[in-house]
Amino acid sequence: MNNVARLIAAIFIIGSCACGSIPKAGPVSTQEVSPKKRIEIPSAKKAIKTQPRLELPAITDSEDIVTHIGFTASYNHETLIPNWVAYELTREEVNGSEKGDESFQWDPDIKGRQAWREDYARSGWDKGHMIPRADLKWSAKAYSESFYFSNVCPQDPAFNTGSWRTTESMGRRLAKQYGSVFIVCGPLVFDNKYGTLGEHKVVIPDAFFKAFLICVNGEYSAIGIIMDNIPEKQNLKQCAMSVDEVEDKCGLDLFHDLDISIQSAVESRINWKMWGI
DNA sequence: CGGAATGCGATG
DNA sequence: CATCGCATTCCG
């Protein structure tokens, strides 16, 4: 059984015992990809964001996509965590200094069940941001929206402030160095060995993936990272791999807007000198 | 070593 | 519920 199948199986087991009338967002499937599902670009971002949205994976018809000022997310109604969160981070954004509301909230754009703060409370697991709040200091509203549960996953506390944070620092460093970086990340749920949180059964991911795409002098480079949801320190370089390998694990078609003529070349290899790891 | 970034929880 | 401080970790 491959990883995608395992993901589907895990979600089915959980969904079948806990969900009732909740709309089925469905796990990712490579078969129902619509060619170019329209994503509404939040107006606040239109002025500063380039087209197309290179950070986005291919969108399946069954996915529940939410767009906020600073990020796009695919929400999973069975696991109560996102399938992925994607955004572009620019040099100017990294230099922001605004802060907003820091309380975790339900995403107002999502219909159906979401995680409760009580599910996480005293569980021993952090409410870990997918897009870090530090990447949204260019707008108080964008900052606050990062605290929606569409952007939150259960993370081991030491992992959150340790290994995972090094991937976030890497993103900001790339943005400063190259002017812009396209980022997508999310949870990996294989056999769900850590179980669920609280009475709403928020799925605890086994691991997390992240992928970076940059364009330097008209040439694209990409890299992927997968880290286990564990406290032990994990080295960035040792966790790095091609985007193709990440796609194998997460079942997504990443950087789908990247020109098809160069996509396979960009995603199959690692241009090591670009990443500083 | 200082500061940034993370999220928790005590306190009123 | 809002405010504040704390503990931890890592970057520069």
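Lettering follows sequence order; numbering is per chain, from 1. Below, each value reflects all heavy atoms present in this structure, side chains not excepted, and no hydrogens, waters or symmetry copies.
Side-chain atoms of A/R173 lie closest to C/dG12 of the nucleotides C/dG12, B/dT6, B/dC8. Which of B/dT6, C/dC1, C/dC11 sits closest to the side chain of A/R117 comes down to C/dC1. With B/dG7, B/dT6, B/dG9 as the candidates, the nucleotide lying closest to the side chain of A/R122 is B/dG9. Ranking C/dT9, C/dG12, C/dC11 by closeness to the A/R165 side chain, first place goes to C/dT9. Between C/dC10, B/dA5, B/dC8, one nucleotide has an atom nearer to the side chain of A/T166 than all others, and that is C/dC10. Of the listed nucleotides (B/dT6, C/dC11, B/dC8), B/dT6 has the atom at the smallest distance from the side chain of A/R133.
Within 4.0 Å (heavy atoms only), A/P132 reaches sugar-phosphate atoms of the nucleic acid but no base atom. Looking at heavy-atom distances under 4.0 Å, A/E102 makes no contact with the nucleic acid at all. Among the atoms of the strands shown, none is found under 4.0 Å from any heavy atom of A/K99.
Side-chain atoms of A/M227 and A/L236, non-hydrogen and from C-beta on, do get closer than 4.5 Å to each other. Between A/Q263 and A/F255 the shortest side-chain heavy-atom distance does not fall below 4.5 Å. A/Y120 places none of its side-chain heavy atoms less than 4.5 Å from the side chain of A/E118.
Per the geometry, CE belonging to A/M170 stands 12 Å off P belonging to C/dG12, to the nearest Å. Distance A/F147 CZ to C/dA2 P: 14 Å, rounded to the nearest Å. Taking atom CG on A/D119 and atom C1' on B/dG7, their separation rounds to 17 Å, with Å as the unit. Across the protein-nucleic acid pair, A/Y120 atom OH and B/dT6 atom C1' stand 15 Å apart, rounded to whole Å. Between the CD atom of A/E98 and the C1' atom of B/dA4 there is a distance of 18 Å, rounded to whole Å. Rounded to an integer number of Å, the gap from A/Q155 CD to C/dT8 C1' is 15 Å. Between the P atom of C/dT9 and the CG atom of A/L236 lies a distance of 17 Å, rounded to the nearest Å. Remark: C1' of B/dA5 and CG of A/L136 are 13 Å apart, rounded to the nearest angstrom.
The side chain of A/K137 contributes an N or O atom lying less than 4.0 Å from OP1 or OP2 of B/dA5. For the pair A/H129 and B/dT6, the criterion of a side-chain N or O lying under 4.0 Å from OP1 or OP2 is not met. Between B/dT6 and A/N160, no contact under 4.0 Å exists linking OP1 or OP2 to a side-chain N or O.
Although no hydrogens or angles enter the test, the distance criterion places no donor-acceptor pair under 3.5 Å between the side chain of A/D126 and the main chain of A/P154.
The aromatic rings of A/W164 and A/F208 are tilted relative to each other, their planes meeting at an angle between 30° and 60°.
The residue among A/W125 and A/R172 whose nearest nucleotide of DNA chain B is located toward the 5' end is A/R172.
Contact detail for A/E63 and A/S74: the closest heavy-atom pair is OE2-OG, 2.6 Å.
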